[in-house]
Amino acid sequence: MRSLGPCMSTASGMAPSCIANGEKDAGGIIIGIESTAHTLSFGWVDGRGVPGKSHSSFVRPIKGGIHPREAADHHTENTAELLESLLKDDDFCLDSVIAIAFSQGPGLGPCLRIGASIARALSTRLEVPLLGVNHCVAHIEVGRERCRCDDPVLLYVSGGNTQIITRLDGRYRVLGETLDIGIGNMLDKFARAQDIPFPGGPRIEQLAAEYCQSEDKPTLQGLELPYAVQGMDLAFSGILNAAQHLIDKGASLPSVCWSLQEHAYAACVEVAERALAHSGKSELLLGGGVACNQRLREMCEVMAEERGATSHVPEKMFCIDNGSMIATLGRLHLLWGDATALDASGVRQDLRTDETEIVWN
Ligand code: AMP
Ligand code: MG
């Protein structure tokens with residue numbers, strides 16, 4: 001095995017600083033492999049953490065949701081082509097690769113196992129360290145890196161996850177989360193019932209915007225949905241059922257899409273605001289596929305401004321699942337000498353955000 005890079009000390013307990021992370025040079029390219037659910041992606045970062053292009057393929061079921069085995073088959077079928085396109089990437093150089101990072105969890109078991117197998121094979125073949133990383137933590141770290149924020153509260157809104165997270169005592173702690181389904185999953189399920197294909201979030205956003213523009217003063221009267229906030233937690237299945245009920249009673253699809261967004265996003269923003277207040281932090285960071293949503297971004301900006309905080313969101317390609325974000329976190333593990341032994345590289349479907357010790361700045 002090659003050496004683990006220039007910095008081997010542990011940084012637990014130090015004040016966070018993503019800028020300091022960027023000043024360190026890992027000495028070569030780190031490949032990142034993402035395969036937790038619907039996306040298979042190969043990305044990379046250079047020694048200073050600057051991301052290269054991610055080469056990705058997405059499962060897009062024509063009917064129904066994502067079937068874990070079918071998604072895993074998709075990943076298997078697309079591996080060779082994606083790897084080939086990574087190798088053809090003009091900026092990428094295989095000889096400069098110094099480590100292979102992969103999503104170790106959380107996610108769908110069959111999908112995770114494909115990414116982990118590819119990572120083990122590459123790491124063994126290239127004789128470079130293997131780095132198993134926490135997918136949720138990767139969303140935070142790529143956001144910190146891209147937005148240059150140091151110690152944010154993360155509003156992580158994706159298909160399967162909805163969490164409000166912040167760093168306390170060397171771990172990212174979950175301050176609040178969904179008690180049932182992820183917000184993206186709720187949007188996709190509602191969309192599917194209206195014959196809108198996966199992913200439903202972008203089309204719901206478009207219909208909501210059209211409704212908003214077509215109304216002089218849009219009002220929620222007659223379009224009320226249950227409130228999703230439960231203390232610091234959230235729950236979305238009630239909203240989903242009630243939105244379908246409005247459709248069944250004859251409300252127009254665009255009006256319900258608008259109401260759905262207003263209710264669901266307001267609930268997330270409320271819990272995020274409480275997390276900022278309780279933690280005393282002043283940066284809000286958005287991550288996950290639903291963070292692509294313009295209305296959610298606006299709401300977060302308004303809330304942050306009103307309380308003298310700032311709201312940050314990375315470019316869309318870093319909100320959705322991608323290999324570069326896995327490489328971003330892999331690089332931090334590598335810099336702090338935290339590689340994964342082969343016999344500890346088994347996937348963890350249920351890996352929690354706060355199980356991963358933060359050994360980096
Ligand atoms: P992820 O699980 O992080 O890969 O994100 C996928 C989820 O993001 C799916 O549930 C999508 O419906 C959702 N999504 C993507 N773009 C948008 C958008 N513009 N508005 C709302 N949800 C979105
Ligand atoms: Mg994700």
Side-chain angles (χ1 to χ4, degrees), residues 32-41 43 54 56-61 64-66 68 71 74-75 102-108 111-112 115 133-143 154-163 165 172 177-178 181-194 196-210 212 236 239-240 243 257-258 260-265 267-269 285-300 313-326 328-329 349 351 353:
I33 304 172
E34 161 57 26
S35 74
T36 52
H38 46 68
T39 301
L40 177 68
S41 177
S54 284
S56 311
S57 176
F58 313 94
V59 179
R60 297 212 183 273
I66 293 161
H74 159 273
H75 295 354
F102 70 102
S103 279
Q104 197 163 10
L108 305 173
C111 300
L112 286 167
V133 312
N134 184 318
H135 174 94
C136 301
V137 175
H139 273 293
I140 306 175
E141 291 304 335
V142 80
L154 178 85
L155 175 56
Y156 175 37
V157 278
S158 73
N161 294 290
T162 308
Q163 295 184 327
I165 303 164
Y172 284 114
E177 65 187 318
T178 180
I181 53 176
I183 186 168
N185 202 311
M186 181 274 288
L187 295 170
D188 296 334
K189 280 187 169 165
F190 175 75
R192 198 187 316 148
Q194 325 310 321
I196 298 171
F198 178 88
R203 181 72 183 135
I204 290 175
E205 174 171 28
Q206 199 183 11
L207 289 168
E210 281 169 22
C212 212
F236 294 106
I239 289 195
L240 172 63
C257 288
W258 176 69
L260 190 60
Q261 287 207 147
E262 294 302 303
H263 282 87
Y265 297 155
C268 293
V269 174
L285 176 65
L286 272 70
V290 182
C292 293
N293 188 280
Q294 202 50 42
R295 179 63 183 136
L296 175 63
R297 291 171 177 218
E298 276 167 23
M299 284 186 182
C300 288
V313 57
E315 303 97 305
K316 286 189 180 181
M317 64 181 150
F318 294 110
C319 288
I320 59 171
D321 292 348
N322 65 92
S324 297
M325 78 179 192
I326 304 304
T328 297
L329 178 52
Q349 290 189 68
L351 184 63
T353 303

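Start at 1 and go down the list; that is how both ligands and their atoms are numbered. Computation of the quantities below employed the complete heavy-atom set of this structure, encompassing side-chain atoms and omitting hydrogens, waters and symmetry-equivalent molecules.
Within the 2.8 Å limit, Cys136 places no N, O or S atom next to the Mg ion (ligand 2).
Of the candidates Ser324, Ser41, Ser56, Ser103, Ser103 is the only one forming a side chain to side chain donor-acceptor pair (under 3.5 Å) with Glu34.
Judged by distance alone, the side chains of Arg297 and Gln294 never bring a donor and an acceptor atom under 3.5 Å apart. A donor-acceptor contact under 3.5 angstrom links the side chains of Glu141 and Tyr172, judged on distance only.
If you look at Asp321 and ask which of its N, O or S atoms sits nearest the Mg ion (ligand 2), the answer is OD1.
Residue Thr178 holds its OG1 atom at 9.0 Å from CG of Asn185, rounded to the nearest 0.5 Å. We find the OG1-CG distance between Thr36 and Asn134 to be 10.5 Å, quoted to the nearest 0.5 Å. For the atom pair Leu260 CG and Ile239 CD1, the distance stands at 6.5 Å (nearest 0.5 Å).
Ordered by chain and residue number, the residues placing a heavy atom less than 4.0 Å from ligand 1 are His38, Ser158, Gly159, Gly184, Leu187, Asp188, Pro199, Gly200, Gly201, Pro202, Glu205, Tyr265, Gly288, Gly289, Val290, Cys292, Asn293, Asp321.
Remark: at the Mg ion (ligand 2), atom NE2 from His139 and atom NE2 from His135 enclose 90°, rounded to the nearest 10 degrees.
Between Pro106 and His135, the closest heavy-atom pair is CD-CB, 4.1 Å.
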